[in-house]
Amino acid sequence: MKETREEARFIGRPAKVVQMEPAMVVEWPRTFIHRHTYGKLTPFFKGLQEGRLLATRCKNPKCPENRLWLPARADCPDCLQPMAWEEIPQPVIGTIYTYTRVAYGGMGLEISEPYWQIDVELEGVCTIFKGWLKYGEPKIGMKVRAQFQDVPTNTILNIYWVPHDG
Amino acid sequence: MIVMKEGNKRIPKWNRKVFAVAGGLTDYRKWFPEYKLEELVMLAFRQMLEQNDLKMDPLEVKGLINYAVYGHFADHFQDQLLCSAKVHDYLGLDPLYNVGIKTGGATGGSAVLTGAMAVASGYADVVLVAGWERMDEVDTRTGNTYISFAACKDYETRLARMYSAYYAPMAKRFMETYNLSEETRAKVAVKNHLYACSSPYAQQPGRYTVEEVLNSRIAAWPLRFLECCAMSVGAASMLLCDEKTAWRLTDRPCELYIAGGSHTLRVADRRHQAIPLLPHETEEMYRDLLEPGSRYPGFESFLASRMAAWFCYRMAGIENPLEDLDLVELHDAFTISDIQTYGDIGLRPYGQEPDYIESGDAYYINPNTGKPGKCPSNLSGGLIGTMHAVGATGIFQGVECLWQVQQKYDKFHGDPKIWEFWGKTKPDDWQSLQIPDRKGCQAAWVSHAGVGSHVTLGILRKAWQ
Ligand SMILES: [Zn+2]
């Protein structure tokens with residue numbers, strides 16, 4: 001009579017051996033998908049999809065901070081009240097506060113190297129917004145104009161800057 | 001503007017004194033397959049128990065431990081959650097309680113602070129503080145992306161996936177605002193790589209010239225690879241205890257003070273605010289520093305470091321750090337962050353940071369005078385020369401301070417057996433970097449995270465006559 005027992009089997013792939021000396025080292029591949037929520041920042045990232053730049057402002061008349069926040073945040077750290085969304089009127093023109101030329105980025109970088117990463121000051125904004133310059137050479141104090149990807153990246157990379165001449 | 005109210009400004013105070021008595025390190029390497037992580041921690045733990053001239057048998061000392069605090073930065077580097085449980089069991093410390101601490105680059109300092117709190121409160125008489133990192137399971141570019149997960153994932157991480165690209169804009173801004181030259185930055189790298197040549201634990205020792213640093217490959221302009229910290233595998237441990245136990249264990253205990261500060265994860269979110277003044281500073285000093293429309297801390301300084309010093313100096317009675325401290329170990333993740341910190345912790349007034357290097361005060365031997373530097377920095381080789389196994393770093397720096405104050409630099413760096421243990425040969429021209437002894441000799445170390453999100457400042461002061 002034929003054996004019909006159930007047997008558990010190894011169905012993975014053998015781990016690749018990198019070396020045996022002086023200690024055994026094997027490779028364990030890792031590829032995972034994270035589902036990341038933008039939460040109450042959704043209007044900001046939706047705005048980027050639509051080619052609009054949105055920031056938040058605290059509407060509490062007693063709050064000491066009445067300027068815009070960009071990076072936007074949904075709640076005010078000074079008075080702890082929810083903030084309101086405001087679109088920054090087009091064209092969005094800012095001033096370069098500082099910058100770097102990225103020559104060596106980390107694995108998975110989605111911008112072609114080398115490129116200029118810039119930090120942009122905007123009128124009426126209490127913070128300094130980090131971004132990337134599509135072309136041209138930055139200087140501290142230089143004016144730049146926001147532009148948006150035609151095909152949305154659905155990430156912060158959807159917005160970039162170009163030199164604003166006059 | 002951040003406004004601190006009265007309660008926010010309370011100076012930390014231990015309910016009883018806290019002491020550090022012993023430390024242990026491992027070698028630090030880019031690639032370290034010879035040992036598993038817990039095996040490396042065991043090596044640091046054993047060095048701490050066996051080689052620090054403790055007046056009890058190592059297992060008797062182990063038998064005094066009540067509590068353990070473990071620092072490790074990133075679960076994804078280790079590819080192991082709850083690594084601390086694995087290490088704790090491996091060190092034979094079950095069933096005592098342990099906690100894991102994670103505050104990025106400041107993890108080591110935060111672990112020491114947490115351990116000190118346990119002693120000061122009376123929860124424990126003797127605390128093991130240990131930390132580690134294993135950064136060699138992935139290649140360097142993947143490692144840089146892993147580290148960049150400590151930047152804001154919504155607004156920043158995708159803009160470089162590399163921490164040097166978050167520090168480089170600070171370098172550019174600092175150079176422009178405070179007239180910092182590329183040469184001064186390079187001198188920090190030259191100094192720290194050089195001091196690492198005296199350390200048997202160092203990963204990146206080297207005798208470079210300023211020109212060689214400036215000609216090295218750019219990571220993110222203006223920062224060169226030789227200006228950036230090591231990516232390391234290794235561990236460190238420190239033993240903390242109350243006063244009575246300290247004297248039972250050693251004739252050379254050091255009293256410990258440590259405090260911390262925090263500031264925004266994103267540099268972007270730094271709003272202008274008034275400069276919190278250290279004990280030796282006056283408002284007059286900074287009257288002309290900031291032009292209308294400019295910011296403090298801006299991209300030039302670290303509020304978290306300023307607050308750590310603000311609290312810790314008052315806690316420890318430091319009136320002027322340059323005069324009072326015999327040594328500092330700073331978190332030189334990049335040459336620029338090292339220089340920025342000089343102002344934050346008051347080694348120079350804000351705006352005059354480069355002078356700490358140019359004056360020669362920061363050197364073991366002042367290159368301008370040939371005499372000892374006034375308050376040398378990073379004689380350990382720091383993060384640029386010796387190591388940045390992130391969770392271990394702030395403990396490593398504390399251990400180096402402890403051994404310096406205990407007059408044990410030579411014992412732990414000059415013994416050929418230690419070099420041999422790690423498969424190295426002690427250089428023929430090995431140079432001692434032991435700081436001179438004096439009454440009340442004291443050293444400070446800074447443990448620093450992100451672009452300044454968490455910072456601790458610790459002080460170890462000689463407690464024996
Ligand atoms: Zn508010």
Side-chain angles (χ1 to χ4, degrees), chain A residues 18-19 21-25 27-28 30 32 34 36-39 41 44-45 64-65 67 69-73 77-78 96-111 113-121 125-132 138-141 153 155-157, chain B residues 1-3 32-36 76 79 137-149 151-177 217-223 225 264 266-272 293 295 298-299:
Chain A
V18 179
Q19 63 177 50
E21 298 294 338
M24 184 171 170
V25 177
E27 256 184 28
W28 283 349
R30 290 276 182 266
F32 304 113
H34 278 245
H36 175 63
T37 178
Y38 287 132
L41 292 181
F44 174 83
F45 287 96
E65 184 61 83
R67 293 172 295 175
W69 289 84
L70 193 69
R73 55 172 84 196
D78 290 346
I96 294 181
Y97 181 74
T98 187
Y99 59 86
T100 179
R101 187 160 175 85
V102 180
Y104 178 96
M107 182 66 78
L109 181 65
E110 298 149 286
I111 310 170
E113 299 162 292
Y115 63 94
W116 296 103
Q117 184 201 96
I118 58 173
D119 297 273
V120 181
E121 266 187 315
V125 174
C126 67
T127 48
I128 297 172
F129 189 52
K130 190 180 280 303
W132 54 294
K139 289 208 167 21
I140 289 179
T153 66
T155 68
I156 191 62
L157 299 183
Chain B
M1 174 125 165
I2 300 170
V3 178
F32 214 158
E34 288 84 351
Y35 298 102
K36 291 175 65 58
H76 42 269
D79 199 13
E137 287 215 353
V138 292
D139 64 25
T140 304
R141 275 194 188 250
T142 306
N144 281 313
T145 286
Y146 274 180
I147 297 167
S148 77
F149 293 164
C152 170
K153 66 195 275 185
D154 291 310
Y155 288 111
E156 289 180 331
T157 298
R158 288 175 185 274
L159 280 161
R161 296 174 183 258
M162 170 69 164
Y163 248 83
S164 58
Y166 307 125
Y167 270 93
M170 303 176 106
K172 170 63 189 164
R173 187 77 203 176
F174 195 105
M175 287 161 72
E176 188 107 345
T177 312
R217 194 175 153 200
I218 298 266
W221 183 90
L223 296 177
F225 273 78
T264 62
R266 300 183 292 251
V267 189
D269 288 21
R270 298 173 171 194
R271 289 175 291 165
H272 171 70
R295 297 166 182 254
F299 278 37

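Numbered from 1 within each chain, the chains take letters A, B, ... in sequence-line order. As a basis for the values below, the full set of heavy atoms in this structure was taken, side chains included, without hydrogen atoms, waters or symmetry mates. Treat the numbers as computed from the prediction; the structure is a model and nothing was measured.
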## Note on the structure
In terms of heavy-atom pairs under 4.5 Å with chain B, the winner among A/V25, A/V18, A/I111, A/T155 is A/T155
#### Entry: Portion of B/E34 that has a non-hydrogen atom of chain A nearer than 4.5 angstrom
both
### Query
Under the side-chain contact (heavy atoms from CB on, under 4.5 Å) criterion, do B/F299 and A/I128 qualify, and how do the steps go?
CA-CA 10 Å; B/F299 278 37; A/I128 297 172; 3.8 Å; yes
### Message
Between B/G143, B/G298, B/S148, B/A160, who has the most heavy-atom pairs with chain A when the cutoff is under 4.5 Å?
### Response
B/A160
### Query
Of the listed residues (B/I2, B/D79, B/T157, B/L223), which shares the most heavy-atom pairs with chain A below a 4.5 Å separation?
B/D79
### Message
What I want to find out is whether A/R30 reaches B/E137 closely enough, with some N-O distance under 4.0 Å, to be called a salt bridge.
### Response
no
### Message
Donor-acceptor check, side chain of A/T100 to backbone of B/P169, threshold 3.5 angstrom: yes or no?
### Response
no
### Task
Check each atom of A/L157 against the heavy atoms of chain B and say whether the ones under 4.5 Å are side chain, backbone, both or neither.
side chain
### Query
So what's closer than 4.5 Å to chain B heavy atoms on A/P64: side chain, backbone, both or neither?
neither
### Carboxylate-amine/guanidinium contact B/R271 A/D78, below 4.0 Å
yes
### Query
Which salt bridge (charged side-chain N to carboxylate O under 4.0 Å, His left out) pairs, counting each pair once, include a residue from residues 157-170 of chain B, with sequence neighbours left out?
A/E110-B/R158, A/E110-B/R161
### Summary
Of the listed B/R266, B/M162, B/K172, the one with the largest count of heavy-atom pairs under 4.5 Å with chain A is B/K172
### Message
Between B/R270 and B/R295, is there a side-chain heavy-atom distance shorter than 4.5 Å?
### Response
no
### Message
Report which part of A/F45 has an atom under 4.5 Å of a heavy atom belonging to chain B: side chain, backbone, both, or neither.
### Response
side chain
#### Entry: Interface residue of largest heavy-atom contact number with chain B, from A/Y97, A/F129, A/W132, under 4.5 Å
A/Y97
### Query
Between A/E121 and B/R173, is the closest basic N to carboxylate O distance under 4.0 Å?
no
### Message
Between A/L41 and chain B, with a heavy-atom cut-off of 4.5 Å, which part of the residue counts as in contact: side chain, backbone, both or neither?
### Response
side chain
### Greatest number of heavy atom pairs closer than 4.5 Å to chain A - which of B/Y35, B/F225, B/Y146
B/F225
### Message
Over 60° means perpendicular and under 30° means parallel, so tell me whether A/Y99 and A/W116 are parallel, tilted or perpendicular.
### Response
perpendicular
### Task
Mind ranking A/P71, A/C126, A/G131, A/G108 by heavy-atom pairs under 4.5 Å with chain B and telling me who comes out on top?
A/P71
### Region of A/E27 that comes under 4.5 Å of a non-hydrogen atom in chain B
neither
### Message
I'd like to know if B/D269 pairs up with A/R73 as an ion pair, taking the criterion as any Lys NZ or Arg NE/NH1/NH2 lying under 4.0 Å from an Asp or Glu carboxylate oxygen.
### Response
yes
### Query
Do the side chains of A/K130 and B/C152 get nearer than 4.5 Å, heavy atoms only?
no
### Task
Go through the structure and list residues passing side chain to side chain contact (heavy atoms under 4.5 Å, CB included) with A/E21, not counting sequence neighbours.
none
### Query
Pick from A/A23, A/P114, A/P22, A/A72: which one has the most heavy-atom pairs with chain B under 4.5 Å?
A/A72
#### Entry: Which atoms of A/P77 approach chain B - backbone, side chain, both or neither, heavy atom under 4.5 Å
side chain
### Message
Please rank B/P222, B/A219, B/P33, B/A168 by heavy-atom pairs under 4.5 Å with chain A and give me the top one.
### Response
B/A219
### Pairs of heavy atoms under 4.5 Å with chain A: top-ranked of B/K36, B/R217, B/E156
B/R217
### Message
Report which part of A/V102 has an atom under 4.5 Å of a heavy atom belonging to chain B: side chain, backbone, both, or neither.
### Response
both
